[in-house]
Every structure is written in structure tokens, then in C-alpha cells.
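Proteins get letters first, then strands, A, B, ... in listed order; numbering begins at 1 in each. As the structure is a prediction and not an experimental result, all values here were calculated from the model.
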Amino acid sequence: MGTAKRTTLADAVARFTRDGMSIAIGLALEPAIPFAFAHELIRQRRRDLELIGPISDVLFDQLIGAGCVRRVTAAWVGNVSAGLGHCYRRALEQGVPRRIEVRDHSNFTIAQALLAGAIGAPFIPTRTLLGSDIPRANGTFRESVSPFDGTTVLLVPAVLPDLAVIACQRADEEGNAQLVGPWGISREGALAAREVVVLAERVVPRREISSAPNLTLVPGTKVVAVVEEPFACHPSPLQGAYPRDHEFFHEYHRATRTREGFDAWLADWVTAVPDRAAYLAKLAPRWPP
Amino acid sequence: MGTAKRTTLADAVARFTRDGMSIAIGLALEPAIPFAFAHELIRQRRRDLELIGPISDVLFDQLIGAGCVRRVTAAWVGNVSAGLGHCYRRALEQGVPRRIEVRDHSNFTIAQALLAGAIGAPFIPTRTLLGSDIPRANGTFRESVSPFDGTTVLLVPAVLPDLAVIACQRADEEGNAQLVGPWGISREGALAAREVVVLAERVVPRREISSAPNLTLVPGTKVVAVVEEPFACHPSPLQGAYPRDHEFFHEYHRATRTREGFDAWLADWVTAVPDRAAYLAKLAPRWPP
Amino acid sequence: MIDVSAGELMVAQAAREIRDGEKVFVGMRLPLIAFVVAKRTHAPNAVGLFELGLVRDEPAAELLYTMGDTANVDGAMWCGPMLDVMGMLQRGDVEAGFIGGAEVDRHGNLNTTAIGGERQRPAVALPGSGGGADIASLAKRLIVIMPHDRRRLVERVSFITSPGYGDGPGWRERVGLPRGGPSVLITTLGVFRFVDGEAVLETYHPTASLDEVRASTGWEPKLARDVRATELPSGEVLDIIRGYDPKGFWTRRET
Amino acid sequence: MIDVSAGELMVAQAAREIRDGEKVFVGMRLPLIAFVVAKRTHAPNAVGLFELGLVRDEPAAELLYTMGDTANVDGAMWCGPMLDVMGMLQRGDVEAGFIGGAEVDRHGNLNTTAIGGERQRPAVALPGSGGGADIASLAKRLIVIMPHDRRRLVERVSFITSPGYGDGPGWRERVGLPRGGPSVLITTLGVFRFVDGEAVLETYHPTASLDEVRASTGWEPKLARDVRATELPSGEVLDIIRGYDPKGFWTRRET
């Protein structure tokens with residue numbers, strides 16, 4: 001097996017993302033959020049993206065504020081420990097920097113939508129959200145009746161992302177990616193996607209992967225690019241590698257209350273920073289802790 | 001947390017099984033089959049059981065031959081490396097030692113039936129088995145049309161076993177069970193069941209479990225009994241502990257061609273053997289290898 | 001006055017809502033601390049489920065800012081897919097769950113989606129459901145925690161993110177929800193118990209008053225026959241709360 | 001005569017059916033050895049999927065008696081739930097799969113369930129589908145391997161466990177199957193290729209003859225215009241087969 005999948009983050013974003021595509025990212029919920037990937041999307045000025053995920057902590061907020069996003073298919077967009085996401089609010093309330101569409105989900109329905117995609121089912125029937133206004137707002141669900149017991153069910157149709165981005169502790173050069181810690185909907189999202197990009201804290205020899213194959217979240221057969229990118233998830237945590245940088249989230253919250261504040265933050269931490277190494281140099285010495 | 005769940009195999013079978021119940025067992029397919037549990041079911045003369053599983057290698061065959069079984073809900077019953085299951089054949093073809101009912105599944109539909117049970121969905125829609133005679137033979141599926149794209153789907157209703165039996169390498173005293181190797185439909189089966197009994201090669205302190213919680217197949221909250229029973233899966237393999245005893249399967253195949261042969265085999269290896277320790281003593285020195 | 005914050009009172013009350021041996025969707029913020037209190041006092045066998053894919057029966061060793069903090073994984077008994085945890089919830093294996101909201105109405109319906117305007121162009125965009133709507137739909141018992149003012153406790157929420165009792169008794173059954181509904185609404189000012197699908201004021205916090213509760217509620221609240229002051233947390237409970245959140249990050253934040 | 005067993009001929013032909021880079025449901029018995037041959041000759045980038053929950057791109061280091069043997073887990077790249085592997089199959093991510101059967105008909109339908117009588121009281125009870133019916137339903141291409149005699153190659157199977165082309169062209173689409181169907185039937189006597197939903201004899205093994213194939217088939221088989229003898233395995237291929245199964249457990253067993 002070759003090493004054709006091993007590449008840099010900039011190359012992976014250049015080759016495997018395009019304007020208008022749907023990207024599932026931040027699938028483990030609060031941990032293992034591939035912020036490095038989002039920042040590179042912003043630097044490469046991708047536009048009209050559909051973001052798919054459960055919650056995203058501030059990753060979705062940043063991409064929305066940077067004008068990369070057309071639609072958010074998610075259960076929650078904000079800043080988990082600080083509160084609201086200011087860019088998300090500005091986009092929805094004022095159309096700043098552009099209007100976005102929201103396709104509302106709950107965590108469970110987006111999980112089921114990606115499960116359906118992962119196993120090739122057209123939909124999954126559920127009893128969550130009956131009576132909620134989310135199904136009406138979402139517009140893609142159907143209410144139905146179970147032919148087995150006559151009870152009401154909500155049918156959640158499959159979601160099939162063009163791309164899923166997975167950050168993890170280790171992967172081999174074929175993309176066999178191992179994630180330790182909560183998986184959230186990472187596996188469903190990766191298996192539902194057409195292609196997967198893996199950001200690994202360490203790229204390791206196959207024998208390290210095959211010594212514990214139960215930890216492999218997604219087999220390399222789905223993976224098109226493997227990037228070794230240490231600290232790719234900062235400020236979110238990666239189990240066994242680094243903790244969450246709570247203060248960074250709170251600073252972001254304070255700094256981005258205004259559009260000008262966000263633009264300054266973005267210039268400071270993303271657009272004026274060529275790559276993750278420079279970002280980490282800028283963080284030092286405060287981080288890693 | 002107490003140690004009230006820790007017990008012996010005989011006690012677990014006495015307290016948590018009863019005539020007529022449905023038991024999901026052998027859920028990892030060829031490996032990690034809890035033969036020790038099946039033998040104790042036979043010794044305690046449980047009757048009218050419904051067995052639920054994908055394939056079972058010869059575990060289902062033995063329980064059928066011993067007259068414990070009323071119904072088999074499965075994808076396959078036989079002897080994986082040797083061929084047919086003679087007891088299964090005798091039961092179906094001749095009603096010997098008693099008639100049994102078969103509820104036909106494929107591996108994928110029984111997986112989906114238990115997935116539905118595990119996540120509390122009434123059914124899972126699938127495209128497998130369209131055109132097969134299995135749905136008609138099974139009788140519980142419904143053909144339907146996806147309201148999203150008008151395509152035909154088969155609806156597989158949830159299966160909810162009364163009990164699931166899981167064999168694994170290690171578990172703590174609360175029943176947090178960690179299985180290394182292929183999981184087959186073990187997790188779906190355990191989560192779909194009302195109660196779970198765990199047979200662990202080793203019962204370990206909590207800290208060993210929580211050092212790698214991604215390997216926990218089922219949380220202890222579902223588990224009613226934890227039995228430390230080394231070599232509980234012989235002649236099937238348990239990864240990292242012992243290999244498959246191929247010859248034992250082939251001997252069983254040869255020995256059980258007739259009902260008298262099976263009865264002799266059963267007396268020799270099960271009913272005249274008080275417990276797993278005696279079984280292992282009988283196997284020595286040929287096994288463990 | 002009384003040296004107890006509203007956050008601490010809420011945590012203490014929330015802890016009382018957890019029964020021993022229960023499986024509870026803990027969520028984050030105040031409920032997370034309530035779980036710690038319950039575990040260390042009357043409910044040592046309670047088990048916490050976290051929707052991102054964690055089950056644990058010992059609280060994390062340090063204060064959590066999110067359920068995904070590394071400290072919440074250390075010592076977990078199970079770690080894996082959200083689907084399995086949500087599956088347990090949908091099956092009916094989970095006794096109770098905590099959620100908060102931006103708006104709640106007298107029937108316990110919660111809005112965390114948007115206020116005013118159209119959904120795609122709201123006056124105020126809120127973060128959304130997360131797992132809240134799932135817990136509200138599927139847990140056997142829902143415990144609601146939120147700040148108390150007239151903009152939040154409203155006659156009718158403008159969007160039902162997390163279903164309570166809809167428009168009253170029988171509604172959950174009619175829409176097809178399999179079980180559950182809010183059992184209690186704990187606010188910065190008091191505690192409402194749901195009776196026949198409607199919030200009934202059971203206690204007002206000693207930091208507040210009955211009049212303040214009435215003035216801050218967007219409907220005329222029903223009062224329990226024996227409406228009274230909320231029981232103060234014991235010294236032991238306050239010690240646990242303050243030991244776990246020494247800076248008051250969650251228990252003394254502005255709401 | 002020729003010192004090649006029918007099993008070895010079948011393995012060699014089965015290996016030819018695997019293309020480089022494909023994801024293949026390998027199953028067990030002869031196909032497992034075919035996967036080894038393909039990997040070591042023309043298809044070094046083929047990946048094997050095993051329905052019990054394994055994905056691997058190197059064959060196991062020793063002969064497997066079942067796909068769950070410990071040697072098949074050692075060196076695997078992925079190990080976990082069957083549902084994920086079957087899910088890849090249903091999504092259409094799997095190019096090919098192998099299955100066998102007790103009966104096959106001219107349209108490639110397979111029976112592994114029961115022969116004669118009622119389903120609940122058959123004349124002969126067979127083990128059942130296992131994953132065979134799923135592979136037949138959902139793989140892009142199905143490779144069928146089985147012993148050849150008139151009781152097995154029948155005009156019409158008595159029970160369709162694994163759907164082939166039903167009663168002919170268009171049937172799979174009509175019943176709702178998303179793709180696939182048998183591409184080839186490899187027997188102990190020859191190789192049939194499916195054309196317009198019907199098995200056409202492409203080659204007969206040099207260990208057999210055209211007449212023997214005809215006499216052993218339960219229908220009058222269509223013959224390819226250039227029907228010919230099956231290509232013998234090269235010395236390299238035979239070495240791989242015999243190196244992997246030195247005792248001929250699978251390649252020389254009585255069928």
C-alpha cells in the first residue's frame with residue numbers, strides 16, 4: 001500500500017474541498033473538533049458550504065462569520081462554555097456577513113440521519129421530536145405510522161455529506177483512524193460521507209493500528225487524505241493529548257460581540273496565520289499547558 | 001457500588017433464566033460464543049427457549065439437540081468449519097427431540113432488528129432481502145415504500161430479547177464488559193435486551209475498564225450478573241486469550257450424526273460434567289494449546 | 001442576607017430531584033454539579049449519561065466546562081457512540097434528564113431555537129436544541145432549570161424546541177410521545193412542580209419572595225396549597241458545591 | 001491426469017474475479033484462499049471485508065477455518081460492529097462478494113434454507129442465509145462458488161435465499177434491489193458467466209468435460225460461443241494455494 005494519501009492540511013483542503021459542498025465536521029461534539037481544518041477552509045476562501053454536525057462549539061460560528069457558509073444542518077450552534085455564538089446570531093438575525101439557512105435537528109435526529117447514510121437506509125424512524133416545532137422547521141422529516149403497532153413515528157431521512165473531517169489521536173498512512181474518547185456521531189458521519197479527511201495527532205505505522213483495531217473509527221477505505229497535524233483541535237480537547245482551552249473560548253466570546261471584533265479576531269488568529277505551526281507559535285508559551 | 005452482581009455461572013443461570021424466555025447469544029458470530037452458558041442451560045433443563053442470534057456455530061445445535069428450544073430466530077444454524085448441524089436438521093426434518101420453529105433472518109436483518117431494539121425504534125427500513133423468500137418465511141417483516149424517494153423498502157421490526165449473554169475478555173464487578181475482537185451484533189443485542197449476563201475471562205478492577213472505556217461493549221447499567229469463567233467460549237476463540245479448537249468442532253460433527261451419538265456426546269461433555277472447571281479438566285492436556 | 005447564590009439553591013434543588021440508582025442525562029452547567037451533590041449525599045448509585053457518548057458513575061474529578069472535557073472521560077465506564085446513549089433514552093432506560101431553555105411556558109414547553117420573526121430570520125437566534133429536545137421527548141422525567149424573568153417564563157413559547165405538555169393534559173399522548181414530560185421547573189426564584197401538565201409553584205427561594213416570583217412570571221402562576229420557601233441547602237451540600245466549583249464559575253455566574 | 005484439484009481450479013478462477021483495489025466480501029472456505037491468491041498476484045490493493053466485523057488488507061498469516069479465527073483479527077485495520085460492514089455493503093461501497101449455496105438455478109438464485117416440504121418441516125434443512133442473502137442483495141457483483149451436480153444446479157430453486165436474477169432480466173429492479181446480481185458461477189466442473197440474467201457456460205475445467213458439465217446440470221446450459229477449457233492455474237498460483245492450505249483442508253475436501 002502506498003502513501004499517496006499522506007499530505008499537508010493546505011493540500012488536503014485544496015484538493016478535497018470545493019465551493020458549495022457539504023462538510024460534516026465536529027462530529028464528536030465538544031472534543032476533537034478539527035479547528036485547524038476550518039481555519040484552512042477560511043484561508044482558502046471556500047464559499048457556500050453546508051456544514052453538518054450536532055453541535056460544533058465555535059467552529060461553525062467561525063466559518064459563518066468568515067462568510068464560508070450557505071447552510072447549517074445542525075442541532076446547536078454556539079459557544080458551549082460561554083453561551084451564544086455571535087456570528088451565528090448576526091448571520092441569522094441580520095444577514096451579516098451573509099444570510100444563511102438553518103436546517104434544524106436535534107442531536108439524536110442528526111445522529112439518525114447520518115446513521116441512515118452510513119448504513120444505506122433511506123430513513124430511520126424515531127419517536128423523538130414528536131410535538132416539537134423542529135420537524136416543521138427542518139422540512140425534510142415525514143410523520144408516519146408504524147405498520148407494526150400503529151404508533152406515530154417521525155421518519156428522519158438519510159444525510160449524505162460530501163466530505164467528513166475527522167480529528168483523532170492516531171492514524172496510519174492509509175487513513176485507518178483511531179479515536180479515543182467519546183465518538184459522538186463521528187463514525188456515522190464518516191461512514192455516511194462520500195469521502196473522509198483525517199487529521200491525526202500522529203501518523204503511526206500500521207502495526208500500531210492493527211494492535212488495537214477495535215479503536216479504528218473509520219477504515220482507510222473511505223479516507224482520501226491523511227494529515228499529521230499536532231494540536232489540530234485546539235481550543236477543543238483531544239483525549240490523552242491535550243485538554244480544552246476554556247479561556248480561549250471565553251476570549252473568543254468576548255472578542256466577537258461585534259462584527260468588527262470578529263474580523264479582528266479572524267485576522268489575528270486565522271487569516272494572518274499561514275498554518276497550524278504558526279498558530280501554535282502564536283499561542284506559546286501559554287499553551288500547551 | 002457493591003459486588004452484588006458477581007456470581008457463579010450456575011447461580012446466574014438459575015436466577016436470570018426461565019423456561020420460555022428469549023435469549024440472544026453467540027452475537028459475535030464465530031468468536032466469543034458463550035458455550036459454558038449454553039451447557040449450564042442444558043444442565044438446568046431450561047425448556048421452550050427462543051434463541052436469537054446471527055449464526056451460532058454449534059451452540060444453537062447443542063441446545064436444540066438437548067430439547068431446550070422452542071424457536072430459533074437466526075440467520076444460520078450449523079457448524080461453521082464442518083458443515084451442517086445434525087441436531088438442527090433432526091429437529092426440523094423429523095421433530096427430534098422436539099419440533100422447533102424457525103424465524104428466518106439474514107445476518108443483516110437480525111443486526112437491524114436488534115439495532116431497532118437497542119435504539120428503541122419500532123423498525124429499520126432496509127433494501128436487503130427484496131426478492132428473497134426469507135421475508136415470507138419470517139412473517140414479521142413488512143414491505144413498504146419510502147416516502148422520500150418512492151423506492152421499495154423492507155421494514156425489519158425490532159427484536160427485544162429477554163436476555164443477552166455476552167462473553168468477553170474482561171469486565172468489572174458492575175458488568176462493564178470489554179470485548180476485543182469482532183463485535184458482530186453483540187452491542188446491538190446487549191442494548192436491545194432487557195437484561196444482560198456477562199461471562200468474563202477475568203473480572204478486573206474498575207480502573208482497568210476506565211483506562212480504555214472505548215472498549216466497553218455494554219455499560220454495567222444493563223448487566224444483572226457478572227461471572228468470571230475462564231475459557232467459557234471453548235471451542236470458539238476469544239481474541240488474545242485462546243484460539244478456536246477446530247478439531248473439537250469437527251469431532252462434534254462426526255459424533256452427532258445420529259441422535260444416539262448426540263446423546264452420548266451430551267452426556268460426555270455436558271450433563272455428566274458438573275461445571276466449567278470439570279470440563280476443562282476433561283479437556284486437558286490437549287487444551288489449552 | 002443569606003449567603004447562598006441562586007445558582008447554589010438551584011443546584012441543591014436539582015440534586016434532590018435525582019433518586020438513588022437512577023440513570024440520569026446530566027447535561028452540563030448546574031446539573032453537572034447537582035449530579036455531584038446527589039452522588040455524594042443521597043444517591044450514591046446514580047449513573048450519569050452524557051449524550052456525546054459517556055456513561056460514568058463517579059463524577060469527574062474536577063469542574064467541567066463541557067461534558068467533553070478530558071476529565072469527564074477519565075474514569076468513565078463506557079465511552080462510544082452518541083447513538084447508543086440516545087438509544088437507551090429512546091428505549092425508556094433513562095429515568096431523568098436535565099435541560100435549560102431561553103423560554104418556558106406554563107405547560108413546560110421550552111424554546112431554545114429562536115424568538116420572534118421567521119425561523120430563517122428571527123429577531124433573536126438561539127443556539128438550538130442540542131440534545132435538549134431528545135431528553136424532553138424521551139426521558140421518563142424532565143427536570144428544567146433556568147433563570148427566572150418575564151421574558152423567559154412566558155404564557156406561550158414562540159417555538160417549541162423541547163416538548164413539555166403542549167397545551168395541557170393528554171397532548172403528549174396525542175402527538176405520539178412515548179412517555180415523560182417535565183416534573184419540575186427550577187428557576188433562580190423558585191420551584192414549580194408540574195401537576196396535570198401545568199406548572200404549580202411549590203416553593204420560592206429564600207433569596208426571593210412570592211411577590212417577586214409572581215411579578216417575574218409571564219402568567220399568573222398557580223400556587224401549591226402549601227407554597228413555602230425553598231429548603232436551604234445544608235452546610236454539607238454547600239461545601240460540596242463550593243468545593244466542586246470554588247470560583248463559582250457556574251453557580252455564581254450572571255444569568 | 002492433471003494434478004490440480006477442482007477446489008484449486010475454483011480458487012484460481014475466483015481469484016481472477018477480484019480486481020485490484022476492490023473491496024470484497026470474502027466470506028470463508030475457498031473464497032478466503034482466492035483472496036490470498038489475488039492479493040499476492042494481480043490485486044495487491046484489494047481489501048477484504050468480513051461481515052462479523054473485520055476489514056483487512058493483508059490476508060491472515062495462517063489458514064482460516066472461520067472468519068472469526070484469531071489469526072484473522074491479528075493485523076486487521078478495523079474491527080467492530082457487523083452493522084458498519086453491512087452498512088458499507090448496503091450503501092454500495094462494496095464491489096464484490098462471494099457466496100456458495102446448496103442449490104442454484106439458471107438465473108443465479110441460491111437456496112441455502114431448505115429443500116422440499118414446508119419451511120417449518122422441510123425434507124432437508126439447510127443452515128440458512130448467514131450473510132449470503134445480504135451479499136447477493138447488495139454487493140455490486142456476486143461471485144457464486146459451489147459443487148456441481150444435478151441436485152445442486154437445478155432448473156428452479158425451491159427457496160430463494162439469496163436473490164440472483166429471479167426469473168430473468170428486469171426482475172431485480174422490479175423487486176426493488178438497488179444493484180448487483182451474480183456475475184459468475186464457479187463450480188467443481190466449470191465457469192458460467194451471467195448474460196442477461198442467465199448463466200452461460202464460459203469454460204469447463206480440464207478435470208471435467210463439456211459433456212460432464214451438461215450431464216451434471218439440471219437445465220440445458222447455454223454455451224458461450226467460444227466455450228473452452230478453464231485456464232489452469234500458474235505454478236505461482238498453485239504454490240500460493242498449496243502454501244496457504246498445505247493439507248488441502250478446503251481445496252481438497254469432499255464436496
Heavy-atom distances under 4.5 Å only: say whether A:Arg244 touches chain C with side chain, backbone, both or neither.
side chain

Is it the case that more than 12 heavy atoms not belonging to C:Arg156 sit under 6.0 Å from its CZ atom?
no

Close side-chain approach of C:Leu52 to A:Pro31, heavy-atom, < 4.5 Å
yes

Applying ring pair (Phe, Tyr, Trp, His ring centres under 6.0 Å) to A:His246 and not counting sequence neighbours gives C:Tyr65

Highest number of heavy-atom pairs under 4.5 Å with chain C among A:Gly78, A:Ser132, A:Ser186, A:Gly95 belongs to A:Ser132

When A:Thr109, A:Thr128, A:Thr152, A:Ile55 are compared by non-hydrogen pairs under 4.5 Å with chain C, the top option
A:Thr128

Flag yes if more than 12 heavy atoms outside C:Arg151 fall under 6.0 Å of its CZ atom; otherwise flag no.
no

Among C:Cys79, C:Gly53, C:Ser162, single out the residue with the greatest number of heavy-atom pairs under 4.5 Å to chain A.
C:Cys79

Carefully, step by step, assess C:Arg172 and A:Leu130 under the rule side chain to side chain contact (heavy atoms under 4.5 Å, CB included).
CA-CA 8 Å; C:Arg172 288 181 73 91; A:Leu130 294 170; over 6 Å; no

Could you look at C:Trp171 and say if it's the side chain, the backbone, both or neither that has a heavy atom under 4.5 Å from chain A?
side chain

Most heavy-atom pairs under 4.5 angstrom with chain C, which of A:Val180, A:Val153, A:Ile110, A:Asn107?
A:Asn107

Quick check on A:Ile134 against chain C: is it the side chain, the backbone, both or neither that has a heavy atom closer than 4.5 Å?
both

Which atoms of C:Asp84 come close to chain A, meaning under 4.5 Å heavy atom to heavy atom: side chain ones, backbone ones, both, or neither?
neither

Structural part of A:Arg99 lying under 4.5 Å from a heavy atom of chain C:
side chain

Please name the pair of heavy atoms, one in C:Arg29 and one in A:Asn79, separated by the smallest distance, quoted to 0.1 Å.
NH2-O, 4.5 Å

Go through the atoms of A:Gln94 and report whether side chain, backbone, both or neither lie under 4.5 Å from a heavy atom of chain C.
backbone

Looking at A:Ile185, A:Asp104, A:Thr151, which makes the most heavy-atom pairs under 4.5 Å with chain C?
A:Asp104

Which bit of A:Ser106 is near chain C, if near means a heavy-atom gap under 4.5 Å: side chain, backbone, both or neither?
both

Heavy-atom distance under 4.5 Å to chain C: side chain of A:Leu217, backbone, both or neither?
neither

Contacting moiety of A:His250, where chain C heavy atoms sit under 4.5 Å
side chain

If you measure from CZ on A:Arg187 to CE on C:Met82, what distance do you get to the nearest 0.5 Å?
13.0 Å

Which answer fits A:Leu29, side chain, backbone, both or neither, if we ask what part of it has an atom under 4.5 Å from a heavy atom of chain C?
side chain

Please tell me whether A:Thr126 and C:Gln90 have a donor and an acceptor in their side chains that are separated by less than 3.5 angstrom.
yes

Residue pair A:Phe108, C:Leu83: steps toward the side chain to side chain contact (heavy atoms under 4.5 Å, CB included) verdict:
CA-CA 7 Å; A:Phe108 192 23; C:Leu83 201 73; 4.1 Å; yes

Roughly how far, to the nearest 0.5 Å, is the CG atom of A:Leu129 from the OG1 atom of C:Thr161?
10.0 Å

If contact means a heavy atom pair closer than 4.5 Å, which residues of residues 115-140 of chain C contact chain A?
C:Arg119, C:Gln120, C:Arg121, C:Pro122, C:Ala123, C:Val124, C:Ala125, C:Leu126, C:Pro127, C:Gly128, C:Ser129, C:Gly130, C:Gly131, C:Ala133, C:Asp134, C:Ser137, C:Leu138

Under a 4.5 Å cutoff for heavy-atom pairs, which residue among C:Asn111, C:Thr66, C:Thr113 has the most contacts with chain A?
C:Thr66

In terms of heavy-atom pairs under 4.5 Å with chain A, which of C:Asp74, C:Asp69, C:Leu54 leads?
C:Asp69

C:Thr70 versus A:Pro237, closest heavy-atom pair with distance
CG2-CB, 3.9 Å

Select one option (side chain, backbone, both, neither) describing which atoms of A:Phe249 are under 4.5 Å from chain C's heavy atoms.
neither

Between A:Gly131 and C:Ile160 the two heavy atoms that sit nearest each other are O-CG2, 3.8 Å

